[in-house]
Amino acid sequence: MNIFEENKNKNTRVESLGEFGLIDYLTKEVKLENKSSICGIGDDAAVVDMGEFYQLASMDILTEGVHFNLSYTPLKHLGYKSVAVNISDICAMNGDAKQIIVGLAISNRFTVEAIEELYKGIKLACNDYRVDLVGGDTTSSASGLTISITVLGKVAKDKIVYRSGAQINDLVVCTGDLGSAYLGLQLLNRENTIFKENPKIQPDLSGNDYVLKRQLRPDAPVKYIEILKELEIVPTSMIDVSDGVSSEALHISKASSVGITIHEDKIPIDYTAMNLANEFNINPIVCALNGGEDYELLFTVSQSHYEKLKKDPDFTIIGFVTDLSEGNNFIAKDASVHPLKAQGWDAMKSEE
Ligand code: ADP
Ligand code: MG
């Protein structure tokens, strides 16, 4: 019996589990056997004991047609972004990224010059974040471009932050602003559709530089890690915001066995993003909660740091940690309480 016959009746669709369900399903029996493996699957990066410090390792894949559309994504920006999104996972552990390893699968549609552009962006990000490109792998792909980057980093043992350390009554804090990258993507998709229908119409991207940058060439949240260090703050838990702040809050909740409450009126949204959301007739809060790709940090921290955080415009206190039994909640401006959901886009829209 060959493998196809053996699996004839096993046709569970991946969508039925979802990304996180699939990871849980595939890895539920994985055990860590080596003493040096401190933390495996389930956080933003794996943690390896190197004696004096912890080594961090994480990997993110960007696939053409899923994560990027080359009709409007400059390859140099794409190179930069693929490095930045990886470094973001090292930041989420309160660590410093040090090395990257780059894997490329390239279809024959790409020229040397195109891949060179991608590499200009990769090198620029390496330079900006003082990360060394130390290896990789290059292969062909049947169609499209796939970029897989592994990042290695370092953190002092007493400064590491996991998703699992949130304590009841902690503050819930996010960096920067939320929802902009999603709105940047909506704008690019809209202009791309218009252009495809009528190539004579030039894209109208004016006044939206900020959201476009957030989508096309995001920064890794390294500066916030540096500020936290200066402020002598070590969060109790942390995660980077790659899938929307709702989804990330739920990860912290699950890993820390606590409830998280987020207040709508506290969520930081950039004013150009706000204007654009109005233009698209989307609730900007929904973009912040479920949009994704912001590459900000979401963390919990003891209330003893309240004064320091309140004074610093880099950080916004958006909620607090409760007992697990209180669940995860979103308090709207009118004080109504809603369960916090991941990818609750449609649910939230129907609640408006
Ligand atoms: P992030 O969004 O921070 O990059 P992911 O959501 O991609 O993290 O992954 C969640 C966790 O699952 C991480 O600890 C990651 O290392 C692990 N993981 C993801 N895909 C796989 C896989 N195919 N096999 C084993 N572990 C995986
Ligand atoms: Mg992450």
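The model shown is predicted, which means the values in this text are computed figures rather than measured ones. Both counts, for ligands and for their atoms, begin at 1 and track the order of listing.
- Ligand 1 has a nitrogen or oxygen under 3.5 angstrom from a nitrogen or oxygen of Gly42.
- Ranking the protein heavy atoms by distance from atom 26 (N) of ligand 1 puts Ile41 CG1, 3.5 Å first.
- In the vicinity of Asp43, heavy-atom distances shorter than 4.0 Å reach the ligand 1 atoms 13 (C), 14 (O).
- As for Asp240, its N/O/S atom nearest the Mg ion (ligand 2) is the one called OD1.
- Residues Leu276 and Leu183 share a closest heavy-atom pair of CD2-O, 3.7 Å.
- The minimum distance between the Mg ion (ligand 2) and any N, O or S atom of Asp89 involves atom OD1.
- Checked for salt-bridge contact, Arg163 and Asp43 meet the test: a charged N lies under 4.0 Å from a carboxylate O.
- For Asp44, the N/O/S atom at the shortest distance from the Mg ion (ligand 2) is named OD1.
- For atom 12 (O) of ligand 1, the nearest protein heavy atom is under 4.0 Å away.
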task: Report the C-alpha separation of Glu52 and Lys154 in whole Å, then their side-chain angles, then the decisive distance to 0.1 Å, and conclude whether the salt bridge (Lys or Arg N to Asp or Glu O under 4.0 Å) test is met.
output: CA-CA 10 Å; Glu52 308 241 296; Lys154 202 178 157 176; over 6 Å; no
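- With salt bridges taken as basic N to acidic carboxylate O contacts below 4.0 Å, one links Glu117 and Lys120.
- The shortest N/O to N/O separation between Asp44 and ligand 1 falls below 3.5 Å.
- Close approach to Thr27 involves these atoms of ligand 1, each under 4.0 Å from a residue heavy atom: 25 (C).
- Taking a cutoff of 4.0 Å between a charged side-chain nitrogen and a carboxylate oxygen, Asp24 and Lys254 qualify as a salt bridge.
- Atom 20 (N) of ligand 1 has Ile23 CD1, 3.7 Å as its closest protein atom, hydrogens excluded (heavy atom only).
- Among all heavy-atom pairs drawn from Ile267 and Ile318, the shortest one is CA-CG2, 4.1 Å.
- Atom numbering of ligand 1 starts at 1 in the shown order; those under 4.0 Å from a heavy atom of Ser242 are 2 (O).
- Relative ring orientation between Phe330 and His338 is described as tilted, the plane-to-plane angle lying within the 30° to 60° band.
- The shortest N or O to N or O distance between Asp89 and ligand 1 is under 3.5 Å.
- Within the listing of ligand 1, atoms 4 (O) sit less than 4.0 angstrom from a heavy atom of Asp60.
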- prompt: Which is it for Asp170 and Thr236 under the side-chain hydrogen bond (donor to acceptor under 3.5 Å, both in side chains) test, yes or no, and what are the steps along the way?
  reply: CA-CA 8 Å; Asp170 277 354; Thr236 50; 2.6 Å; yes
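- Within ligand 1, counting atoms from 1 as listed, the ones closer than 4.0 Å to a heavy atom of Glu19 are 6 (O), 7 (O).
- Counting only heavy atoms, the protein never gets under 4.0 Å from atom 16 (O) of ligand 1.
- With Tyr80 as the fixed residue, the side-chain contact (heavy atoms from CB on, under 4.5 Å) test singles out one of Ile122, Leu216, Leu118, Asp128: Asp128.
- Scanning the protein for heavy atoms near atom 8 (O) of ligand 1, the closest one is Arg163 NH2, 4.0 Å.
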message: As a quick check of understanding, evaluate salt bridge (Lys or Arg N to Asp or Glu O under 4.0 Å) for Arg217 and Asp219, giving each step before the final call.
response: CA-CA 7 Å; Arg217 214 232 63 171; Asp219 294 320; 2.5 Å; yes
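- At the shortest separation from atom 6 (O) of ligand 1 among protein heavy atoms lies Phe20 CE2, 3.2 Å.
- No chain of hydrophobic side-chain contacts below 4.5 Å, direct or via other Ile, Leu, Val, Met, Phe, Trp or Tyr residues, connects Val172 to Tyr224.
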